[in-house]
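Quick notes on the structure that follows.
Hydrogens, waters and symmetry mates play no part in the numbers below; they use all other heavy atoms, side chains included. Just so we're on the same page: letters track the sequence lines, and every chain starts at 1.
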Number of protein chains: 2
Amino acid sequence: MNTTQRADPQTSADRRRRELLEAADRVVLRDGPHASMNAIAAEAGITKPILYRHFGDKGGLYAALAVRHTDALLASLRAALDAPAERRQRVEATLDTYLAAIEARPQVYRFLMHPADGGTAPGDQSEQGFDVGRHSAPLLRRMGEELAQVIEERLDVGPGTQQLARVWGHGIVGMMHAAGDWWLGERPCPREELVRSLADLLWGRLAEAGDKAGGPGF
Amino acid sequence: MNTTQRADPQTSADRRRRELLEAADRVVLRDGPHASMNAIAAEAGITKPILYRHFGDKGGLYAALAVRHTDALLASLRAALDAPAERRQRVEATLDTYLAAIEARPQVYRFLMHPADGGTAPGDQSEQGFDVGRHSAPLLRRMGEELAQVIEERLDVGPGTQQLARVWGHGIVGMMHAAGDWWLGERPCPREELVRSLADLLWGRLAEAGDKAGGPGF
DNA sequence: GACTCGGGGTTACCGCAAGTAACATGCACG
DNA sequence: CGTGCATGTTACTTGCGGTAACCCCGAGTC
(Lines give C-alpha, C1' and ligand atoms only; values in the text may rest on other atoms or scores of the structure.)
Protein backbone atom coordinates (compact mmCIF):
# COMPACT_ATOMS: atom_id res chain seq x y z
CA MET A 1 0.00 0.00 0.00
CA ASN A 2 1.17 3.44 -0.88
CA THR A 3 0.58 6.09 1.77
CA THR A 4 2.34 8.98 0.10
CA GLN A 5 0.46 11.61 -1.87
CA ARG A 6 -0.43 9.11 -4.55
CA ALA A 7 -3.43 7.12 -3.45
CA ASP A 8 -3.50 3.53 -4.50
CA PRO A 9 -4.90 3.19 -8.00
CA GLN A 10 -7.74 0.90 -7.05
CA THR A 11 -9.41 3.33 -4.68
CA SER A 12 -8.66 6.29 -6.90
CA ALA A 13 -10.18 4.61 -9.91
CA ASP A 14 -13.26 3.71 -7.91
CA ARG A 15 -13.72 7.27 -6.77
CA ARG A 16 -13.31 8.52 -10.30
CA ARG A 17 -15.80 5.97 -11.48
CA ARG A 18 -18.35 7.18 -8.98
CA GLU A 19 -17.79 10.78 -10.03
CA LEU A 20 -18.29 9.84 -13.64
CA LEU A 21 -21.48 8.02 -12.77
CA GLU A 22 -22.77 11.09 -10.94
CA ALA A 23 -22.14 13.22 -13.99
CA ALA A 24 -23.70 10.67 -16.31
CA ASP A 25 -26.68 10.56 -14.02
CA ARG A 26 -27.19 14.29 -14.21
CA VAL A 27 -27.01 14.29 -17.99
CA VAL A 28 -29.21 11.28 -18.52
CA LEU A 29 -31.81 12.66 -16.17
CA ARG A 30 -31.70 15.97 -17.93
CA ASP A 31 -31.51 14.89 -21.58
CA GLY A 32 -33.12 11.48 -21.52
CA PRO A 33 -31.69 8.10 -22.44
CA HIS A 34 -30.40 9.44 -25.75
CA ALA A 35 -27.75 11.55 -24.11
CA SER A 36 -24.55 11.33 -26.10
CA MET A 37 -21.26 10.15 -24.71
CA ASN A 38 -19.78 13.50 -25.64
CA ALA A 39 -22.36 15.29 -23.54
CA ILE A 40 -21.71 13.04 -20.58
CA ALA A 41 -17.99 13.45 -20.89
CA ALA A 42 -18.38 17.22 -21.09
CA GLU A 43 -20.53 17.26 -17.97
CA ALA A 44 -17.83 15.32 -16.18
CA GLY A 45 -15.24 17.81 -17.43
CA ILE A 46 -13.30 15.27 -19.49
CA THR A 47 -13.44 13.63 -22.92
CA LYS A 48 -14.90 10.48 -24.38
CA PRO A 49 -12.04 7.98 -24.33
CA ILE A 50 -11.93 8.14 -20.55
CA LEU A 51 -15.51 7.05 -20.34
CA TYR A 52 -14.71 4.16 -22.63
CA ARG A 53 -11.73 3.18 -20.52
CA HIS A 54 -13.94 3.01 -17.47
CA PHE A 55 -17.10 1.44 -18.84
CA GLY A 56 -16.14 -0.28 -22.06
CA ASP A 57 -19.00 1.01 -24.10
CA LYS A 58 -22.21 2.94 -23.76
CA GLY A 59 -24.04 -0.17 -22.69
CA GLY A 60 -21.58 -0.64 -19.87
CA LEU A 61 -22.05 2.86 -18.60
CA TYR A 62 -25.81 2.59 -18.76
CA ALA A 63 -25.73 -0.76 -17.05
CA ALA A 64 -23.67 0.68 -14.22
CA LEU A 65 -26.10 3.57 -13.90
CA ALA A 66 -29.06 1.25 -13.95
CA VAL A 67 -27.62 -0.95 -11.24
CA ARG A 68 -27.33 2.02 -8.90
CA HIS A 69 -30.91 3.09 -9.29
CA THR A 70 -32.25 -0.40 -9.39
CA ASP A 71 -30.51 -1.25 -6.14
CA ALA A 72 -31.96 1.81 -4.49
CA LEU A 73 -35.49 1.10 -5.62
CA LEU A 74 -35.27 -2.54 -4.71
CA ALA A 75 -34.10 -1.65 -1.25
CA SER A 76 -37.13 0.49 -0.56
CA LEU A 77 -39.42 -2.16 -2.00
CA ARG A 78 -37.89 -4.74 0.26
CA ALA A 79 -38.55 -2.49 3.22
CA ALA A 80 -42.20 -2.21 2.31
CA LEU A 81 -42.39 -5.94 1.75
CA ASP A 82 -40.89 -6.62 5.16
CA ALA A 83 -43.00 -4.26 7.22
CA PRO A 84 -44.86 -5.89 10.09
CA ALA A 85 -48.51 -5.85 9.08
CA GLU A 86 -51.30 -7.81 7.48
CA ARG A 87 -50.64 -9.30 4.09
CA ARG A 88 -53.01 -6.98 2.33
CA GLN A 89 -51.43 -4.02 4.06
CA ARG A 90 -48.03 -5.04 2.93
CA VAL A 91 -49.07 -5.63 -0.64
CA GLU A 92 -50.62 -2.20 -0.72
CA ALA A 93 -47.56 -0.65 0.84
CA THR A 94 -45.32 -2.26 -1.75
CA LEU A 95 -47.48 -1.11 -4.63
CA ASP A 96 -47.59 2.35 -3.16
CA THR A 97 -43.84 2.48 -2.71
CA TYR A 98 -43.26 1.59 -6.31
CA LEU A 99 -45.82 4.04 -7.62
CA ALA A 100 -44.55 6.81 -5.42
CA ALA A 101 -41.06 6.22 -6.76
CA ILE A 102 -42.00 6.42 -10.40
CA GLU A 103 -44.22 9.38 -9.69
CA ALA A 104 -41.46 11.25 -7.94
CA ARG A 105 -38.82 10.65 -10.56
CA PRO A 106 -40.30 9.68 -13.89
CA GLN A 107 -37.03 10.28 -15.69
CA VAL A 108 -35.26 7.69 -13.62
CA TYR A 109 -38.15 5.37 -14.19
CA ARG A 110 -38.11 5.89 -17.92
CA PHE A 111 -34.40 5.31 -18.08
CA LEU A 112 -34.58 2.13 -16.07
CA MET A 113 -37.36 0.69 -18.17
CA HIS A 114 -35.44 1.00 -21.38
CA PRO A 115 -34.71 -2.52 -22.53
CA ALA A 116 -31.08 -3.55 -22.40
CA ASP A 117 -30.75 -3.31 -26.15
CA GLY A 118 -27.17 -4.46 -25.95
CA GLY A 119 -27.75 -8.16 -26.41
CA THR A 120 -26.88 -8.62 -30.05
CA ALA A 121 -23.72 -6.84 -31.06
CA PRO A 122 -23.25 -5.87 -34.69
CA GLY A 123 -21.96 -8.77 -36.69
CA ASP A 124 -23.37 -11.46 -34.47
CA GLN A 125 -23.79 -14.63 -36.46
CA SER A 126 -23.85 -17.31 -33.80
CA GLU A 127 -27.62 -16.92 -33.88
CA GLN A 128 -29.35 -15.64 -36.96
CA GLY A 129 -30.49 -12.24 -35.81
CA PHE A 130 -32.29 -12.56 -32.50
CA ASP A 131 -34.40 -15.43 -31.32
CA VAL A 132 -35.01 -15.21 -27.64
CA GLY A 133 -37.79 -13.18 -26.16
CA ARG A 134 -35.73 -11.55 -23.43
CA HIS A 135 -36.78 -7.99 -23.97
CA SER A 136 -37.84 -6.49 -20.69
CA ALA A 137 -35.71 -4.12 -18.71
CA PRO A 138 -33.39 -5.65 -16.14
CA LEU A 139 -35.27 -3.82 -13.43
CA LEU A 140 -38.44 -5.73 -14.18
CA ARG A 141 -36.61 -9.03 -14.11
CA ARG A 142 -34.91 -8.27 -10.86
CA MET A 143 -38.10 -7.10 -9.21
CA GLY A 144 -39.86 -10.19 -10.46
CA GLU A 145 -37.24 -12.52 -9.06
CA GLU A 146 -37.13 -10.65 -5.79
CA LEU A 147 -40.86 -10.83 -5.30
CA ALA A 148 -40.86 -14.47 -6.35
CA GLN A 149 -38.39 -15.24 -3.63
CA VAL A 150 -40.41 -13.44 -1.00
CA ILE A 151 -43.55 -15.25 -2.03
CA GLU A 152 -41.86 -18.59 -2.02
CA GLU A 153 -40.37 -17.99 1.39
CA ARG A 154 -43.52 -16.93 3.10
CA LEU A 155 -46.40 -18.52 1.33
CA ASP A 156 -47.63 -22.06 1.34
CA VAL A 157 -49.66 -23.12 -1.65
CA GLY A 158 -48.91 -26.80 -1.56
CA PRO A 159 -46.78 -28.66 -4.11
CA GLY A 160 -45.27 -26.65 -6.93
CA THR A 161 -44.99 -23.60 -4.73
CA GLN A 162 -41.64 -22.64 -6.16
CA GLN A 163 -42.78 -22.60 -9.74
CA LEU A 164 -45.95 -20.78 -8.86
CA ALA A 165 -44.05 -18.20 -6.87
CA ARG A 166 -41.90 -17.25 -9.83
CA VAL A 167 -44.83 -16.97 -12.18
CA TRP A 168 -46.68 -14.84 -9.68
CA GLY A 169 -43.65 -12.74 -8.91
CA HIS A 170 -43.12 -11.76 -12.50
CA GLY A 171 -46.82 -11.46 -13.15
CA ILE A 172 -47.47 -9.12 -10.26
CA VAL A 173 -44.49 -6.99 -11.10
CA GLY A 174 -45.70 -6.74 -14.67
CA MET A 175 -49.14 -5.75 -13.50
CA MET A 176 -47.66 -3.05 -11.31
CA HIS A 177 -45.46 -1.79 -14.09
CA ALA A 178 -48.05 -1.59 -16.84
CA ALA A 179 -50.71 -0.09 -14.64
CA GLY A 180 -48.19 2.38 -13.25
CA ASP A 181 -46.99 3.39 -16.66
CA TRP A 182 -50.50 4.00 -17.88
CA TRP A 183 -51.44 5.85 -14.73
CA LEU A 184 -48.36 8.04 -14.91
CA GLY A 185 -49.28 9.08 -18.41
CA GLU A 186 -52.95 9.81 -17.84
CA ARG A 187 -53.26 10.46 -14.14
CA PRO A 188 -56.87 9.35 -14.09
CA CYS A 189 -57.06 8.97 -10.33
CA PRO A 190 -55.15 9.54 -7.11
CA ARG A 191 -52.48 7.07 -6.15
CA GLU A 192 -54.29 5.43 -3.27
CA GLU A 193 -57.17 4.58 -5.49
CA LEU A 194 -54.90 2.89 -8.00
CA VAL A 195 -53.24 0.96 -5.22
CA ARG A 196 -56.58 -0.21 -3.88
CA SER A 197 -57.80 -1.21 -7.32
CA LEU A 198 -54.73 -3.29 -8.03
CA ALA A 199 -54.84 -4.97 -4.66
CA ASP A 200 -58.51 -5.74 -5.28
CA LEU A 201 -57.53 -7.37 -8.53
CA LEU A 202 -55.02 -9.56 -6.75
CA TRP A 203 -57.64 -10.37 -4.17
CA GLY A 204 -59.82 -11.95 -6.81
CA ARG A 205 -62.46 -9.31 -7.14
CA LEU A 206 -62.44 -9.78 -10.88
CA ALA A 207 -63.30 -13.43 -10.55
CA GLU A 208 -66.07 -12.78 -8.04
CA ALA A 209 -67.72 -9.92 -9.88
CA GLY A 210 -71.17 -10.43 -11.29
CA ASP A 211 -72.05 -10.31 -14.95
CA LYS A 212 -73.67 -7.22 -16.27
CA ALA A 213 -77.31 -7.75 -17.05
CA GLY A 214 -78.04 -8.66 -20.68
CA GLY A 215 -74.63 -9.60 -21.98
CA PRO A 216 -73.20 -13.09 -22.41
CA GLY A 217 -71.22 -12.60 -19.26
CA PHE A 218 -67.51 -12.24 -18.78
CA MET B 1 -60.44 8.45 -63.73
CA ASN B 2 -57.75 7.18 -66.01
CA THR B 3 -58.36 3.70 -67.41
CA THR B 4 -55.39 3.55 -69.75
CA GLN B 5 -52.18 1.80 -68.87
CA ARG B 6 -51.37 4.30 -66.18
CA ALA B 7 -53.17 3.32 -62.99
CA ASP B 8 -54.41 6.12 -60.84
CA PRO B 9 -51.66 7.31 -58.52
CA GLN B 10 -53.56 6.70 -55.31
CA THR B 11 -53.97 2.96 -55.80
CA SER B 12 -50.50 2.61 -57.20
CA ALA B 13 -48.95 4.39 -54.25
CA ASP B 14 -50.87 2.20 -51.85
CA ARG B 15 -49.68 -0.97 -53.54
CA ARG B 16 -46.13 0.28 -53.49
CA ARG B 17 -46.50 1.12 -49.82
CA ARG B 18 -47.65 -2.39 -49.07
CA GLU B 19 -44.72 -3.85 -50.98
CA LEU B 20 -42.31 -1.68 -49.06
CA LEU B 21 -43.86 -2.77 -45.79
CA GLU B 22 -43.49 -6.41 -46.77
CA ALA B 23 -39.83 -5.86 -47.48
CA ALA B 24 -39.33 -3.94 -44.26
CA ASP B 25 -41.03 -6.73 -42.40
CA ARG B 26 -38.67 -9.32 -43.80
CA VAL B 27 -35.62 -7.29 -42.86
CA VAL B 28 -36.79 -6.33 -39.40
CA LEU B 29 -37.72 -9.92 -38.64
CA ARG B 30 -34.34 -11.07 -39.89
CA ASP B 31 -32.05 -8.40 -38.44
CA GLY B 32 -33.98 -7.16 -35.45
CA PRO B 33 -35.33 -3.72 -34.65
CA HIS B 34 -31.97 -2.14 -35.43
CA ALA B 35 -32.26 -2.84 -39.13
CA SER B 36 -30.99 0.17 -41.05
CA MET B 37 -33.01 2.10 -43.57
CA ASN B 38 -30.37 1.26 -46.15
CA ALA B 39 -30.87 -2.45 -45.54
CA ILE B 40 -34.61 -2.15 -45.84
CA ALA B 41 -34.34 -0.11 -49.00
CA ALA B 42 -31.95 -2.67 -50.46
CA GLU B 43 -34.31 -5.51 -49.63
CA ALA B 44 -37.06 -3.64 -51.43
CA GLY B 45 -34.77 -3.14 -54.38
CA ILE B 46 -34.69 0.65 -54.12
CA THR B 47 -32.87 3.37 -52.21
CA LYS B 48 -33.45 5.34 -49.06
CA PRO B 49 -35.16 8.53 -50.20
CA ILE B 50 -38.12 6.57 -51.49
CA LEU B 51 -38.71 5.12 -48.06
CA TYR B 52 -38.62 8.60 -46.64
CA ARG B 53 -41.08 9.82 -49.24
CA HIS B 54 -43.53 7.14 -48.19
CA PHE B 55 -43.12 7.06 -44.43
CA GLY B 56 -41.60 10.36 -43.45
CA ASP B 57 -38.99 8.94 -41.13
CA LYS B 58 -37.93 5.72 -39.53
CA GLY B 59 -40.51 6.11 -36.82
CA GLY B 60 -43.23 6.37 -39.41
CA LEU B 61 -42.15 3.19 -41.11
CA TYR B 62 -41.92 1.32 -37.84
CA ALA B 63 -45.27 2.64 -36.72
CA ALA B 64 -46.86 1.41 -39.92
CA LEU B 65 -45.24 -1.98 -39.44
CA ALA B 66 -46.35 -2.14 -35.83
CA VAL B 67 -49.93 -1.29 -36.65
CA ARG B 68 -50.15 -4.23 -39.01
CA HIS B 69 -48.94 -6.76 -36.50
CA THR B 70 -50.76 -5.20 -33.61
CA ASP B 71 -54.03 -5.32 -35.46
CA ALA B 72 -53.51 -8.97 -36.26
CA LEU B 73 -52.72 -9.93 -32.69
CA LEU B 74 -55.56 -7.88 -31.28
CA ALA B 75 -57.99 -9.56 -33.63
CA SER B 76 -57.10 -13.02 -32.39
CA LEU B 77 -57.23 -11.85 -28.79
CA ARG B 78 -60.67 -10.45 -29.35
CA ALA B 79 -61.77 -13.78 -30.74
CA ALA B 80 -60.57 -15.58 -27.62
CA LEU B 81 -62.22 -12.97 -25.45
CA ASP B 82 -65.52 -13.40 -27.25
CA ALA B 83 -65.71 -17.17 -27.29
CA PRO B 84 -68.84 -18.64 -25.72
CA ALA B 85 -67.69 -20.23 -22.47
CA GLU B 86 -67.29 -19.74 -18.75
CA ARG B 87 -65.40 -16.67 -17.61
CA ARG B 88 -62.46 -18.65 -16.36
CA GLN B 89 -62.32 -20.54 -19.64
CA ARG B 90 -62.24 -17.35 -21.60
CA VAL B 91 -59.56 -15.77 -19.49
CA GLU B 92 -57.41 -18.81 -19.94
CA ALA B 93 -58.07 -18.90 -23.65
CA THR B 94 -57.03 -15.27 -23.97
CA LEU B 95 -53.84 -15.78 -22.00
CA ASP B 96 -53.07 -18.84 -24.05
CA THR B 97 -53.66 -17.03 -27.32
CA TYR B 98 -51.26 -14.27 -26.37
CA LEU B 99 -48.60 -16.65 -25.15
CA ALA B 100 -48.93 -18.86 -28.20
CA ALA B 101 -48.45 -15.81 -30.39
CA ILE B 102 -45.28 -14.63 -28.71
CA GLU B 103 -44.00 -18.16 -28.59
CA ALA B 104 -44.57 -18.71 -32.28
CA ARG B 105 -42.97 -15.47 -33.43
CA PRO B 106 -40.68 -13.99 -30.81
CA GLN B 107 -39.12 -11.60 -33.31
CA VAL B 108 -42.44 -9.98 -34.02
CA TYR B 109 -43.08 -9.82 -30.33
CA ARG B 110 -39.77 -8.23 -29.60
CA PHE B 111 -40.25 -5.70 -32.31
CA LEU B 112 -43.70 -4.75 -31.11
CA MET B 113 -42.59 -4.34 -27.53
CA HIS B 114 -39.95 -1.78 -28.38
CA PRO B 115 -41.07 1.51 -26.89
CA ALA B 116 -42.03 4.18 -29.36
CA ASP B 117 -38.85 6.14 -28.69
CA GLY B 118 -39.98 8.85 -31.04
CA GLY B 119 -41.64 11.12 -28.54
CA THR B 120 -39.02 13.80 -28.06
CA ALA B 121 -37.50 15.01 -31.27
CA PRO B 122 -34.00 16.51 -31.14
CA GLY B 123 -34.14 20.11 -30.15
CA ASP B 124 -37.35 19.90 -28.18
CA GLN B 125 -37.45 22.73 -25.72
CA SER B 126 -41.13 23.07 -24.99
CA GLU B 127 -40.53 20.75 -22.06
CA GLN B 128 -37.16 20.48 -20.43
CA GLY B 129 -36.02 17.05 -21.52
CA PHE B 130 -38.78 14.52 -20.90
CA ASP B 131 -41.22 14.47 -18.05
CA VAL B 132 -44.04 12.14 -18.75
CA GLY B 133 -43.89 8.48 -17.99
CA ARG B 134 -45.38 7.24 -21.25
CA HIS B 135 -42.86 4.60 -22.08
CA SER B 136 -44.59 1.34 -22.85
CA ALA B 137 -44.99 -0.01 -26.34
CA PRO B 138 -48.17 0.98 -28.14
CA LEU B 139 -49.18 -2.65 -28.26
CA LEU B 140 -49.38 -2.83 -24.50
CA ARG B 141 -51.47 0.32 -24.34
CA ARG B 142 -53.85 -0.86 -26.99
CA MET B 143 -54.26 -4.27 -25.41
CA GLY B 144 -54.86 -2.61 -22.06
CA GLU B 145 -57.53 -0.32 -23.40
CA GLU B 146 -59.16 -3.13 -25.33
CA LEU B 147 -59.35 -5.36 -22.31
CA ALA B 148 -60.58 -2.49 -20.19
CA GLN B 149 -63.44 -1.96 -22.55
CA VAL B 150 -64.41 -5.61 -22.53
CA ILE B 151 -64.33 -5.67 -18.75
CA GLU B 152 -66.38 -2.56 -18.45
CA GLU B 153 -68.96 -3.82 -20.91
CA ARG B 154 -69.52 -7.16 -19.33
CA LEU B 155 -68.75 -6.85 -15.67
CA ASP B 156 -70.66 -5.26 -12.88
CA VAL B 157 -68.65 -4.21 -9.88
CA GLY B 158 -70.87 -1.45 -8.67
CA PRO B 159 -70.01 2.25 -8.78
CA GLY B 160 -66.68 3.24 -10.28
CA THR B 161 -66.76 0.31 -12.62
CA GLN B 162 -65.31 2.29 -15.47
CA GLN B 163 -62.25 3.41 -13.59
CA LEU B 164 -61.70 0.00 -12.14
CA ALA B 165 -62.02 -1.61 -15.55
CA ARG B 166 -59.24 0.48 -16.98
CA VAL B 167 -56.89 -0.17 -14.09
CA TRP B 168 -57.60 -3.87 -14.33
CA GLY B 169 -57.28 -3.91 -18.09
CA HIS B 170 -53.83 -2.41 -18.04
CA GLY B 171 -52.84 -4.40 -15.00
CA ILE B 172 -53.82 -7.73 -16.43
CA VAL B 173 -52.14 -7.00 -19.73
CA GLY B 174 -48.98 -6.07 -17.90
CA MET B 175 -49.10 -9.25 -15.89
CA MET B 176 -49.49 -11.26 -19.05
CA HIS B 177 -46.68 -9.41 -20.73
CA ALA B 178 -44.10 -9.63 -17.98
CA ALA B 179 -44.83 -13.23 -17.16
CA GLY B 180 -44.77 -14.10 -20.85
CA ASP B 181 -41.49 -12.34 -21.39
CA TRP B 182 -39.88 -14.13 -18.50
CA TRP B 183 -41.32 -17.46 -19.55
CA LEU B 184 -40.17 -17.01 -23.12
CA GLY B 185 -36.62 -16.46 -21.93
CA GLU B 186 -36.41 -19.31 -19.45
CA ARG B 187 -39.05 -21.78 -20.52
CA PRO B 188 -39.43 -23.10 -17.02
CA CYS B 189 -42.72 -24.88 -17.69
CA PRO B 190 -45.18 -25.79 -20.43
CA ARG B 191 -47.55 -23.17 -21.62
CA GLU B 192 -50.72 -24.57 -20.08
CA GLU B 193 -49.15 -24.53 -16.69
CA LEU B 194 -48.24 -20.88 -17.02
CA VAL B 195 -51.76 -20.10 -18.15
CA ARG B 196 -53.24 -21.93 -15.20
CA SER B 197 -50.91 -20.23 -12.75
CA LEU B 198 -51.74 -16.77 -14.02
CA ALA B 199 -55.46 -17.46 -13.99
CA ASP B 200 -55.08 -18.72 -10.44
CA LEU B 201 -53.42 -15.46 -9.53
CA LEU B 202 -56.34 -13.52 -10.96
CA TRP B 203 -58.71 -15.77 -9.09
CA GLY B 204 -57.26 -14.65 -5.81
CA ARG B 205 -55.26 -17.70 -4.88
CA LEU B 206 -52.47 -15.48 -3.64
CA ALA B 207 -54.76 -13.78 -1.18
CA GLU B 208 -56.21 -17.03 0.08
CA ALA B 209 -52.96 -18.90 0.48
CA GLY B 210 -51.82 -19.81 3.96
CA ASP B 211 -48.67 -18.50 5.59
CA LYS B 212 -45.71 -20.76 5.71
CA ALA B 213 -45.07 -22.05 9.18
CA GLY B 214 -42.58 -20.02 11.22
CA GLY B 215 -42.35 -16.82 9.20
CA PRO B 216 -44.06 -13.51 9.90
CA GLY B 217 -46.53 -14.31 7.16
CA PHE B 218 -46.99 -12.70 3.81
C1' DG C 1 -42.89 17.80 -82.85
C1' DA C 2 -41.50 20.85 -78.89
C1' DC C 3 -42.62 21.84 -74.11
C1' DT C 4 -43.90 21.53 -69.66
C1' DC C 5 -45.43 18.69 -65.73
C1' DG C 6 -45.34 15.35 -62.18
C1' DG C 7 -44.33 10.78 -60.23
C1' DG C 8 -40.63 7.53 -59.32
C1' DG C 9 -35.79 7.03 -58.89
C1' DT C 10 -30.66 7.98 -57.94
C1' DT C 11 -26.20 10.05 -56.36
C1' DA C 12 -23.93 12.59 -53.31
C1' DC C 13 -23.91 14.91 -49.48
C1' DC C 14 -24.60 16.84 -44.22
C1' DG C 15 -24.60 16.22 -39.30
C1' DC C 16 -23.91 13.49 -35.59
C1' DA C 17 -22.90 9.77 -32.50
C1' DA C 18 -20.20 5.51 -31.20
C1' DG C 19 -15.94 3.85 -30.79
C1' DT C 20 -10.67 3.82 -31.58
C1' DA C 21 -5.78 4.89 -32.52
C1' DA C 22 -1.94 7.48 -31.41
C1' DC C 23 0.12 10.75 -29.08
C1' DA C 24 1.18 13.74 -24.64
C1' DT C 25 1.89 14.47 -19.67
C1' DG C 26 2.84 13.86 -14.80
C1' DC C 27 4.38 11.13 -11.02
C1' DA C 28 6.50 7.26 -8.56
C1' DC C 29 10.07 3.85 -8.46
C1' DG C 30 14.71 1.41 -9.63
C1' DC D 1 18.16 9.35 -15.51
C1' DG D 2 14.97 6.19 -17.70
C1' DT D 3 11.06 2.99 -17.22
C1' DG D 4 6.47 2.13 -16.14
C1' DC D 5 1.87 3.34 -15.64
C1' DA D 6 -2.30 5.92 -15.04
C1' DT D 7 -4.55 9.79 -16.94
C1' DG D 8 -5.76 12.70 -20.38
C1' DT D 9 -6.11 14.72 -25.23
C1' DT D 10 -6.67 15.40 -30.38
C1' DA D 11 -7.96 13.55 -34.43
C1' DC D 12 -9.74 10.02 -36.89
C1' DT D 13 -12.93 6.12 -38.91
C1' DT D 14 -17.30 4.13 -39.60
C1' DG D 15 -22.04 3.91 -39.93
C1' DC D 16 -26.64 5.77 -39.67
C1' DG D 17 -30.68 8.96 -40.14
C1' DG D 18 -32.07 12.38 -43.06
C1' DT D 19 -31.98 15.65 -47.15
C1' DA D 20 -30.92 18.43 -51.49
C1' DA D 21 -30.32 18.34 -56.00
C1' DC D 22 -30.55 16.26 -60.05
C1' DC D 23 -32.48 12.67 -63.57
C1' DC D 24 -35.74 10.06 -66.49
C1' DC D 25 -39.81 9.03 -68.72
C1' DG D 26 -44.61 8.79 -69.93
C1' DA D 27 -48.64 11.94 -70.50
C1' DG D 28 -51.06 15.47 -71.87
C1' DT D 29 -51.23 20.14 -74.42
C1' DC D 30 -50.41 23.72 -77.95
Side-chain angles (χ1 to χ4, degrees), chain A residues 1-20 23-24 27-28 30-65 114 116-124, chain B residues 1-21 23-24 27-28 31-65 114 116-124:
Chain A
M1 191 72 91
N2 195 342
T3 53
T4 68
Q5 253 188 345
R6 191 172 190 73
D8 91 290
Q10 185 59 39
T11 305
S12 160
D14 278 8
R15 263 229 319 270
R16 200 84 182 94
R17 191 186 159 94
R18 262 192 296 274
E19 291 173 15
L20 296 184
V27 176
V28 165
R30 167 160 44 82
D31 298 353
H34 298 315
S36 81
M37 293 296 265
N38 259 325
I40 295 174
E43 170 76 25
I46 46 137
T47 49
K48 271 193 302 176
I50 304 188
L51 286 181
Y52 284 96
R53 282 229 253 275
H54 275 272
F55 301 102
D57 61 354
K58 190 172 186 163
L61 204 179
Y62 276 35
L65 261 185
H114 249 266
D117 225 19
T120 302
D124 178 326
Chain B
M1 188 73 94
N2 195 342
T3 53
T4 68
Q5 257 187 343
R6 194 168 188 76
D8 95 286
Q10 184 59 40
T11 305
S12 160
D14 277 9
R15 262 230 319 270
R16 197 86 182 92
R17 190 186 159 94
R18 262 193 297 275
E19 289 173 17
L20 297 186
L21 279 177
V27 176
V28 165
D31 298 353
H34 297 315
S36 81
M37 292 297 265
N38 260 325
I40 295 174
E43 169 76 25
I46 45 135
T47 50
K48 273 194 300 177
I50 305 188
L51 286 181
Y52 285 96
R53 281 228 248 279
H54 275 271
F55 301 102
D57 63 353
K58 190 172 185 163
L61 204 179
Y62 276 35
L65 261 185
H114 251 264
D117 223 19
T120 302
D124 180 326

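For Lys58(B) against dG18(D), a side-chain-to-base donor-acceptor contact under 3.5 Å is absent.
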message: One pair to check against side-chain contact (heavy atoms from CB on, under 4.5 Å): Glu19(B) and Ile46(B). What are the steps and the verdict?
response: CA-CA 11 Å; Glu19(B) 289 173 17; Ile46(B) 45 135; over 6 Å; no

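With distances taken from any side-chain atom of Lys48(B) to the nucleotides dT19(D), dG18(D), dC16(D), the minimum falls on dG18(D).
At whole-Å resolution of the value, CZ in Arg15(A) and P in dA6(D) are 17 Å apart. Between the P atom of dT19(D) and the CG atom of Leu51(B) lies a distance of 13 Å, rounded to the nearest Å. Rounded to whole Å, the distance from CD1 on Ile50(A) to C1' on dG8(D) is 5 Å. With rounding to whole Å, Met37(B) atom CE is found 10 Å from dT19(D) atom P. Following rounding to the nearest Å, Ile46(A) (CD1) and dA6(D) (P) show an atom-to-atom distance of 17 Å. Rounded to whole angstrom, the span from the CG atom of Asp31(A) across to the C1' atom of dA17(C) amounts to 14 Å. In this structure, Asn38(A) places its CG atom 16 Å from P of dG8(D), rounding to the nearest Å. The distance between atom CG of Asp57(B) and atom P of dC16(D), rounded to the nearest whole Å, is 17 Å.
The shortest heavy-atom contact between Tyr62(B) and Ile40(B) is CE1-CD1, 4.4 Å. Minimum interatomic distance between Leu21(B) and Ala64(B) (heavy atoms only, all atoms of both residues): CD2-CB, 3.9 Å. Closest heavy-atom contact between Lys58(B) and Tyr52(B): N-CE2, 4.4 Å.
At dT9(D), one or more side-chain N or O atoms of Thr47(A) fall inside 4.0 Å of OP1 or OP2 (strictly under the cut-off). Between Arg16(B) and the phosphate of dG9(C), there is a side-chain N or O to OP1/OP2 separation shorter than 4.0 Å. Between dT19(D) and Arg53(B), no contact under 4.0 Å exists linking OP1 or OP2 to a side-chain N or O.
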